[in-house]
Amino acid sequence: MPGGRFRFTGFDPEHQDSLRRDLTIDELQETVRRISGTDFDIHDPSWLTRFGNATRVAATYRRRRVLLAGDAAHMHFPAGGVGLNLGLQDAMNLGWKLAAVVQGRADAGLLDTYHDERHPWAEDVAEHTLAQTALISATTPTGLALRQVLSDLITDLPDLSLKLARRLAGLDVHYGRTDQHRLVGARVTATGDALLDGRAALVGSPGHAMIEQAATAGIPVQPLTVDASAAVIRPDGYVWWATDNPDDDLPDPVGRFGGR
C-alpha cells in the first residue's frame, strides 16, 4: 500500500471464538509466526481489526419515509468488494426515484419498486459471500478438495469463470420479468450524455411512429444503442421499456418517470 505499508488479512482455524475483542500486535505476530514460520517483522500497525461472516439483509428497504441503502440494508463477509458494488447500485436505483417523487414527476409508489428491485440482489450477494467464506476458510481435507475442484472448473470452463466474475462485479444485475420484452431490466452501457441530468432517455431510429411523436412532444431522442426498435433507458442505465414494433406509441412512463 502507499507509504511502504502492507496489509495482511487471513484466517486462523485454531482461534475462531465469537468474542469481538480487540486484536493486538502481539497476537497478530504470534498467529502469523505459527502459520507461516516467520512474523515478517510486523511492527507499527496503523489499524488492527477482526471481522466475521455475520450475514444479514433487512426485511424491508422502505417503511414510509425511512429508506435503507448500503451497509444499513445488508451486511456480509467482506469478500471481493461486492459490498461496495451492492451499496453503489442501491444508491443509483434509489436516487433517481427519490428525485422524481420529490420533484412531483412520479407518485410515492415508485419508491416501493426500490425494495422490489434491490432486495433480491442483496439476498443473492449474501448467499454468494457465504459460499465464498466456506471456500476461503476451508482447512479440512474435504474442504480443500472442494476448493480444488472448483478452482479446476474455473480454469477449464471460461464461461463459468466469466459468470463468476460478472457476479462478483455486479454486472449481472437485471430487473426484468419473463412477461416483458427481453431487454427490459437489462443494463446498457452506451447512452452518451443522455442520462447526465437524472432523467430517463428515449433511444430509437428516425422514421418510427413513436420517434415522430417524441419530436412533436419536444422529447429528444438519442441514437439507438440497443437491439430493439426503440427503448426507454432509466436514469440508472437500465432499460425500462422496449419494443420491436416501430409503429408502437410512445409509452406513458417516459413522462411519468421524467423522460425528456
Side-chain angles (χ1 to χ4, degrees), residues 1-58 67-95 118 121-122 124-140 143-144 146-148 150-152 154-155 158 160-173 187 189 193 195-196 198 236-237:
M1 299 180 69
R5 307 188 77 82
F6 298 86
R7 180 172 62 185
F8 282 77
T9 181
F11 171 75
D12 180 5
E14 294 185 15
H15 294 88
Q16 289 299 301
D17 58 84
S18 59
L19 298 177
R20 297 291 294 179
R21 53 190 174 81
D22 292 338
L23 177 65
T24 67
I25 183 63
D26 291 338
E27 183 180 0
L28 178 61
Q29 289 172 330
E30 186 280 326
T31 301
V32 173
R33 189 182 303 113
R34 172 166 45 82
I35 293 175
S36 68
T38 178
D39 64 12
F40 299 103
D41 191 27
I42 298 175
H43 63 279
D44 189 25
S46 57
W47 183 57
L48 295 172
T49 190
R50 302 177 189 274
F51 56 84
N53 69 334
T55 304
R56 305 285 188 273
V57 177
L67 296 114
L68 302 180
D71 290 349
H74 37 73
M75 63 179 294
H76 49 78
F77 185 74
V82 291
L84 175 60
N85 292 333
L86 194 62
L88 287 173
Q89 289 173 332
D90 288 346
M92 287 295 293
N93 187 288
L94 178 59
R118 293 303 302 156
W121 291 103
D124 182 82
V125 167
E127 182 182 62
H128 195 63
T129 54
L130 284 173
Q132 288 189 65
T133 305
L135 292 171
I136 291 171
S137 59
T139 57
T140 65
L144 293 173
L146 176 61
R147 186 163 65 192
Q148 187 60 55
L150 183 60
S151 295
D152 291 343
I154 291 174
T155 300
L160 173 61
S161 180
L162 179 61
K163 182 177 180 63
L164 290 173
R166 290 180 60 83
R167 193 168 187 180
L168 280 170
L171 296 178
D172 61 345
V173 171
R187 179 175 175 269
T189 57
D193 60 357
L195 305 177
L196 296 182
D236 57 356

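Just so you know, these numbers come straight off a predicted model, no measurement behind them. Scope of the values below: all heavy atoms of this structure, side chains included, with no hydrogens, waters or symmetry mates.
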Looking at residues at least two apart in the chain, or sitting in another chain, which of them share a side chain to side chain contact (heavy atoms under 4.5 Å, CB included) with [X]?
| X | answer |
| --- | --- |
| Arg7 | Met1 |
| Ser36 | Val32, Thr38, Phe40 |
| Thr24 | Asp26, Glu27 |
| Pro45 | Ile25, Leu48 |

Compare all side-chain heavy atoms of [X] with those of [Y] and state whether any distance is below 4.5 angstrom.
| X | Y | answer |
| --- | --- | --- |
| Trp121 | Asp172 | yes |
| Arg187 | Leu171 | yes |
| His74 | Leu86 | yes |

Backbone N or O of Leu135 within a donor-acceptor pair of the Arg147 side chain at under 3.5 Å? yes
With side chain to side chain donor-acceptor pair (under 3.5 Å) as the rule and sequence neighbours excluded, what pairs involving residues 124-137 come up? Asp124-Arg167
Shortest non-hydrogen contact from [X] to [Y]?
| X | Y | result |
| --- | --- | --- |
| Ala126 | Thr55 | CB-CG2, 3.4 Å |
| Gly170 | Asn85 | N-ND2, 4.4 Å |
| Leu144 | Ala138 | CD2-O, 3.3 Å |

Counterpart residues, salt bridge (Lys or Arg N to Asp or Glu O under 4.0 Å), relative to Arg166 (two or more places apart): none
Could you list the residues that satisfy salt bridge (Lys or Arg N to Asp or Glu O under 4.0 Å) with Asp39, not counting sequence neighbours? Arg33
Can you list everything that forms a side-chain hydrogen bond (donor to acceptor under 3.5 Å, both in side chains) with Asp152? Sequence neighbours excluded, please. Gln148
side-chain hydrogen bond (donor to acceptor under 3.5 Å, both in side chains) with Thr140: which residues, sequence neighbours excluded? Thr142
Sort and list the pairs that fulfil salt bridge (charged side-chain N to carboxylate O under 4.0 Å, His left out) and have at least one residue in residues 76-90, not counting sequence neighbours. Asp90-Arg118
Rounded distance (nearest 0.5 Å) linking atom [atom1] of [X] with atom [atom2] of [Y]:
| X | Y | atom1 | atom2 | answer |
| --- | --- | --- | --- | --- |
| Asp41 | Gln29 | CG | CD | 8.0 Å |
| Leu28 | Ile42 | CG | CD1 | 4.5 Å |
| Phe77 | Ile136 | CZ | CD1 | 4.5 Å |
| Thr155 | Leu150 | OG1 | CG | 9.5 Å |

